[in-house]
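I have placed the structure first, in the form of C-alpha cells, so that the comments after it can refer back to it.
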Amino acid sequence: MSLTFAIIAAIVLTGAIGLSVLRKTVHCVLSLTIVFFGLAMLYIRLDAPFLGFALVLIYVSAVTILILFTVLLTRNREIETDVSPYSRGSIAGLIVGGSVFAGLIWMIYRAPLSRGITELESPASVKSLGERLMTEYVLPLEVIALLLTAAMIGAVIVAMKDPG
Amino acid sequence: MDSLSDYLLLSALLFSLGLCVTLVRRHAILVLIGIELMLNAANLNFIAFWRFGPNPEALDGLLFVLFSLAVAAAEAAVGLALILAVYRRYSVTDVENIDELKG
C-alpha cells in the first residue's frame, strides 16, 4: 500500500464516517461530497480519469446539490434537535453492517487474487470509450437514455403539486 | 503500486458503512445517501477489477461503471422526488413515522 493510496483512503473513510455520525443532515450531505472527491481521486489513480471527472460532475455537483435542495425543502427541526438521529433498531443495524463487513473481508482474504498488474500504455481515453459506446454497447446506451428520460419525467410527476 | 486487495478492502469498508447508514439513520435522505454509498463501493470494485484484470485494454469495466452511474443518478432523482412527495403529504422525513402500511 502506497502513501498516496493511504491518504486518499483516509479522506474517503473520514467522509463516510462523518456522514454516519454527524447529527445535522446538511453536514452529512457535505461530508458525502468529501467521499465522492476521494473516490474520484481513486478513479484517476486507477487510470480512469474520464470516470473520475464524470464522478465529480455528476455526484459532487449535480446529485449533491439535488440532495441539498431536498434537505432544505423538507426541513424538519424537531428531528434535528430533540430526537436522536438514530433509529430504534440501530444496534441490529450495526450488527448487520458489521457481519457483512466481516463476510466481505473473509471473502477477500480467501479469494485467489492476482498480485500483478498489466501496464497500460496510456490511461483509458474518452475516444476509445466513445468508440465502444457507439459500436458494441449502442443498445445499452439507448436503454440507459430511455431509462434516464423516463426517470426524469417520473420524478417531475411524483414531486409535482397535486393539480387543483 | 497498491494491490487489488487494498482497493477491495476500502470498498468493503465503504459498502458496510453505507449499509450501516441505511439501517441506522432515521432521516429518509440519509437512507438514500447510504444506498448511494453502497453503489459507489460497487463502482470502485468494478474499476479496481478492470485495472487489475488480465486485459485492461478492453474497457468493459469502465463502461459498466458508466452505465451504473446513469442508473444511480436516475435512482437518486426518483428517490428524492418520493421523499419530497411524502413530506408534502405527511410533513415527515423520518422513516420511522412513515408506517401507515405497517401491519
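Numbered from 1 within each chain, the chains take letters A, B, ... in sequence-line order.
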Original post:
Do the rings of B:Phe67 and A:Tyr137 sit parallel, tilted or perpendicular, given the 30° and 60° boundaries?
Top reply: tilted
Subject >> Residue selection (most heavy-atom pairs with chain A, distance under 4.5 Å) from B:Leu63, B:Val78, B:Val86 >> reply: B:Leu63
**OP:** Heavy atoms only, distances under 4.5 angstrom: which of A:Val143, A:Ile91, A:Leu42 has the most pairs with chain B? Name it, please.
**Re:** A:Leu42
Original post:
Pick from A:Ala54, A:Gly154, A:Pro140: which one has the most heavy-atom pairs with chain B under 4.5 Å?
Top reply: A:Pro140
**OP:** Output the rest of the hydrophobic cluster of B:Leu84: all Ile, Leu, Val, Met, Phe, Trp and Tyr residues reachable through side-chain heavy-atom contacts under 4.5 Å, sorted by chain and number.
**Re:** A:Leu73
Original post:
Linking I/L/V/M/F/W/Y whenever any side-chain heavy atoms sit under 4.5 Å apart, do B:Tyr7 and A:Leu3 land together?
Top reply: yes
Original post:
In this structure, are over 12 heavy atoms from other groups packed under 6.0 Å from B:Phe64 atom CZ?
Top reply: no
Subject >> Part of A:Met107 lying under 4.5 Å from any heavy atom of chain B >> reply: neither
Original post:
chain B: which of A:Val100, A:Leu148, A:Leu51, A:Val12 shares the most heavy-atom pairs with it under 4.5 Å?
Top reply: A:Leu51
Original post:
What option among B:Leu17, B:Thr22, B:Ile83, B:Ile47 has the most heavy-atom pairs under 4.5 Å with chain A?
Top reply: B:Ile47
Subject >> Leading residue by heavy atom contact count with chain B [cutoff under 4.5 Å; candidates A:Leu55, A:Ile105, A:Leu141, A:Val156] >> reply: A:Leu141
Original post:
Can you tell which of B:Leu13, B:Leu82, B:Leu32 has the highest number of heavy-atom pairs within less than 4.5 Å of chain A?
Top reply: B:Leu13
Subject >> Shared hydrophobic cluster for A:Leu22 and A:Val71 (ILVMFWY, side-chain gaps under 4.5 Å) >> reply: no
Subject >> B:Phe49 reachable from B:Leu69 in the ILVMFWY side-chain graph, under 4.5 Å edges >> reply: yes
**OP:** Check whether B:Leu30 gets within reach of chain A through its side chain, its backbone, both or neither, counting any heavy atom under 4.5 Å.
**Re:** side chain
Original post:
Cluster question for you: counting only ILVMFWY and a side-chain heavy-atom cut-off of under 4.5 Å, with indirect links fine, are A:Leu66 and A:Val26 together?
Top reply: yes
Original post:
Quick one: what part of A:Leu39 sits under 4.5 Å from any heavy atom of chain B, side chain, backbone, both or neither?
Top reply: side chain
Original post:
Which of residues 30-38 of chain A get closer than 4.5 angstrom to chain B, counting heavy atoms alone?
Top reply: A:Leu32, A:Val35, A:Phe36
**OP:** Name the member of A:Ile67, A:Val21, A:Ile58, A:Val29 that forms the most heavy-atom pairs with chain B at distances under 4.5 Å.
**Re:** A:Ile67
Original post:
Which residues pass the ring pair (Phe, Tyr, Trp, His ring centres under 6.0 Å) test with A:Phe50, sequence neighbours left out?
Top reply: none
**OP:** Go through the atoms of A:Ile95 and report whether side chain, backbone, both or neither lie under 4.5 Å from a heavy atom of chain B.
**Re:** neither
Original post:
Taking only residues two or more places apart in sequence or in another chain, which ones pass side-chain hydrogen bond (donor to acceptor under 3.5 Å, both in side chains) with B:Tyr90?
Top reply: B:Glu100
Original post:
Under a 4.5 Å heavy-atom cutoff, which of A:Leu129, A:Val63, A:Leu147, A:Thr4 has the most pairs with chain B?
Top reply: A:Leu129
**OP:** Please flag which part of B:Leu19 lies under 4.5 Å from any non-hydrogen atom of chain A: side chain, backbone, both or neither.
**Re:** side chain
**OP:** Give, as side chain, backbone, both or neither, the part of B:Ala28 having an atom under 4.5 angstrom from any heavy atom of chain A.
**Re:** neither
Original post:
Ring centroid separation for A:Phe101 and B:Phe15, is it under 6.0 angstrom?
Top reply: no
Original post:
Between B:Leu44 and A:Leu104, is there a shared hydrophobic cluster once you connect ILVMFWY residues whose side-chain heavy atoms come closer than 4.5 Å?
Top reply: no
Original post:
Out of B:Asn45, B:Asp60, B:Leu59, B:Val65, which one pairs with B:Trp50 under the side chain to side chain contact (heavy atoms under 4.5 Å, CB included) rule?
Top reply: B:Leu59
**OP:** State, without any angle test, whether A:Thr25 and B:Arg25 hold a side-chain donor-acceptor pair at a distance under 3.5 Å.
**Re:** no
